[in-house]
2 protein chains.
Amino acid sequence: MAKRSGVLEFAVLGLLHESPMHGYELRKRLNILLGSLRVFSYGSLYPCLKELVARGWLVEDRAAEPQHGAKAAPALGGSAAASRRSKIVYRLTPEGEERFQQLLSDAGPSAWEDENFGVHFAFFGRTDAAIRLRILEGRRSRLEERLDLFRQSVTRTRERLDRYTLEAQRHGLESVEREVRWLNELIQTEHDQQVGPPAT
Amino acid sequence: MAKRSGVLEFAVLGLLHESPMHGYELRKRLNILLGSLRVFSYGSLYPCLKELVARGWLVEDRAAEPQHGAKAAPALGGSAAASRRSKIVYRLTPEGEERFQQLLSDAGPSAWEDENFGVHFAFFGRTDAAIRLRILEGRRSRLEERLDLFRQSVTRTRERLDRYTLEAQRHGLESVEREVRWLNELIQTEHDQQVGPPAT
DNA sequence: GTTAGCATGTAAGGAGTTACATGATTTT
DNA sequence: AAAATCATGTAACTCCTTACATGCTAAC
């Protein structure tokens with residue numbers, strides 16, 4: 001039964017919201033979408049798909065037609081080369097669509113945690129502007145809290161800690177600072193767009 | 001039973017290798033050591049400690065003495081303020097020490113995977129120079145592979161992909177490139193030290 | 001005398017991975 | 001006809017989290 005909430009579910013709904021797909025292809029697109037943030041194996045994808053079907057958010061199209069002589073359209077691997085064999089194509093139901101919209105509109109704390117921020121961001125193109133802003137700002141505060149904690153612990157523990165531990169901390173700190181600057185730029189851009197993009 | 005291998009075990013052994021400690025303090029030091037890479041809860045720490053004891057790598061010192069009027073040495077929270085109450089102090093056995101050395105000398109692929117690299121690096125101060133170099137170089141190749149895959153998928157999928165997906169990919173790519181540069185510096189430093197630190 | 005922080009634990013479960021098992025189709 | 005790659009799946013297991021339960025002690 002396993003809840004299967006979280007990243008994988010969201011990402012699957014989002015990709016199928018673009019267009020129906022079968023599992024194998026879905027996995028590849030998933031790993032492009034989340035670019036190295038996360039790599040999912042089939043062992044988690046297929047059970048997840050089954051459960052999303054069980055919940056009524058997806059339906060399976062078992063295209064059982066081109067089984068014997070289906071060399072008709074090799075179609076050079078482009079975007080619409082989908083009809084090759086009896087594979088299971090999944091697509092969103094209206095309930096699935098609704099669920100995806102609901103996930104998109106979630107601007108609660110979980111949306112800016114490490115595990116989830118990436119997926120939410122990946123679907124910002126389909127996210128309401130106000131929600132986008134809240135998530136970006138939430139993420140920024142989250143990182144700033146982390147910076148504070150970090151600096152506290154540095155001033156408290158200094159002295160000991162060898163070269164490498166210090167180096168790791170320095171690099172970690174800079175990574176977080178860098179992400180904060182990135183978020184600042186994104187937030188600025190969002191504001192600029194709210195005021196109005198180059199009219200006239 | 002649960003194997004409890006991996007990061008937590010390694011980090012616990014390493015910290016207790018420095019000095020004996022009880023669980024609560026261990027967790028704090030753990031979260032400083034791994035600085036935001038990872039936060040462990042008590043729900044994983046205590047069971048882990050128990051299992052390390054069961055394997056003979058740790059022993060518990062149940063200091064059952066200062067129970068009633070032990071206000072003797074408040075000792076201003078410094079490094080040696082350890083004797084407050086009947087808490088369980090864990091320390092490494094010779095077998096635990098051996099196990100830690102074994103983990104330190106592991107320069108196999110798992111040492112440079114995302115999950116493990118951080119801990120290995122944190123203990124570089126007690127790691128053999130040759131091992132350090134192999135791990136750093138392994139990590140760098142790992143990241144370079146990732147960059148290649150990434151660039152391939154970019155040239156293959158271009159066109160579609162909205163602003164935000166592209167932005168996420170760009171930021172991700174830059175993060176990885178930045179880590180590669182960091183590794184290059186570290187590797188350079190290691191080489192310089194092998195040749196000989198500022199003698200005279 | 002009550003909150004806040006120190007300190008230790010357990011049960012249930014979530015979110016995945018690994019390794020395995022299978023078979024169709026395309027490429028060489 | 002062999003090898004590669006596409007495609008789908010399952011069982012067992014890992015490693016960790018959440019929520020709960022408990023009690024001590026220091027500070028206000």
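In what follows, chains are A, B, ... by sequence order, proteins preceding strands, each numbered from 1. Note: hydrogens, waters and symmetry copies are ignored here, and every other heavy atom, side chains too, is used.
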Can you list the residues that meet the salt bridge (Lys or Arg N to Asp or Glu O under 4.0 Å) rule with A/Glu60, with sequence neighbours excluded?
-> A/Arg62
What pairs with B/Arg126 under salt bridge (Lys or Arg N to Asp or Glu O under 4.0 Å), at least two apart in sequence or on another chain?
->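 Counting only residues at least two positions away or on another chain, B/Arg126 forms a salt bridge (Lys or Arg N to Asp or Glu O under 4.0 Å) with B/Glu18.
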What residues form a side chain to side chain contact (heavy atoms under 4.5 Å, CB included) with B/Glu174, not counting sequence neighbours?
-> A/Arg178, B/Arg170, B/Glu177
Partners passing side chain to side chain contact (heavy atoms under 4.5 Å, CB included) against B/Ala168 (at least two apart in sequence or in another chain) |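 With sequence neighbours excluded, B/Ala168 shows a side chain to side chain contact (heavy atoms under 4.5 Å, CB included) to A/Phe121, given in chain and number order.
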Give me the bend of the helix from C/dG1-D/dC28 to C/dT28-D/dA1, using the axes of the five pairs at each end, rounded to 10°.
-> 30°
Can you measure [X] atom [atom1] to [N] atom [atom2] for me and round it to whole angstrom units?
| X | N | atom1 | atom2 | result |
| --- | --- | --- | --- | --- |
| B/Phe40 | C/dA7 | CZ | P | 20 Å |
| B/Glu115 | D/dC16 | CD | P | 10 Å |
| A/Leu45 | D/dT8 | CG | C1' | 10 Å |
| A/Ile88 | D/dT8 | CD1 | P | 6 Å |
| A/Lys87 | C/dG23 | NZ | C1' | 15 Å |
| B/Arg38 | D/dC15 | CZ | P | 10 Å |
| A/Tyr46 | C/dA21 | OH | P | 19 Å |

Decide, yes or no, whether a salt bridge links B/Arg139 with B/Asp114 under the criterion of side-chain N to carboxylate O below 4.0 Å.
->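 A salt bridge is present here (some side-chain N lies under 4.0 Å from a carboxylate O).
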Short side-chain N/O contact from B/Tyr24 to OP1 or OP2 of C/dC6, under 4.0 Å =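 So the side chain of B/Tyr24 is within the cut-off, an N or O lying under 4.0 Å from OP1 or OP2 of C/dC6.
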Can you tell me if the side-chain N/O atoms of B/Ser41 get under 4.0 Å from OP1 or OP2 in D/dC16?
-> no
Relative to the 5' end of DNA chain C, which residue comes earlier, B/Lys28 or B/Lys50, by the nucleotide with the nearest heavy atom?
->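 Looking at the nearest nucleotide for each, B/Lys28 comes out on the 5' side.
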Can you name the residues that form a ring pair (Phe, Tyr, Trp, His ring centres under 6.0 Å) with A/Tyr42, not counting sequence neighbours?
->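 So A/Tyr42 forms a ring pair (Phe, Tyr, Trp, His ring centres under 6.0 Å) with A/Tyr24, A/Tyr46.
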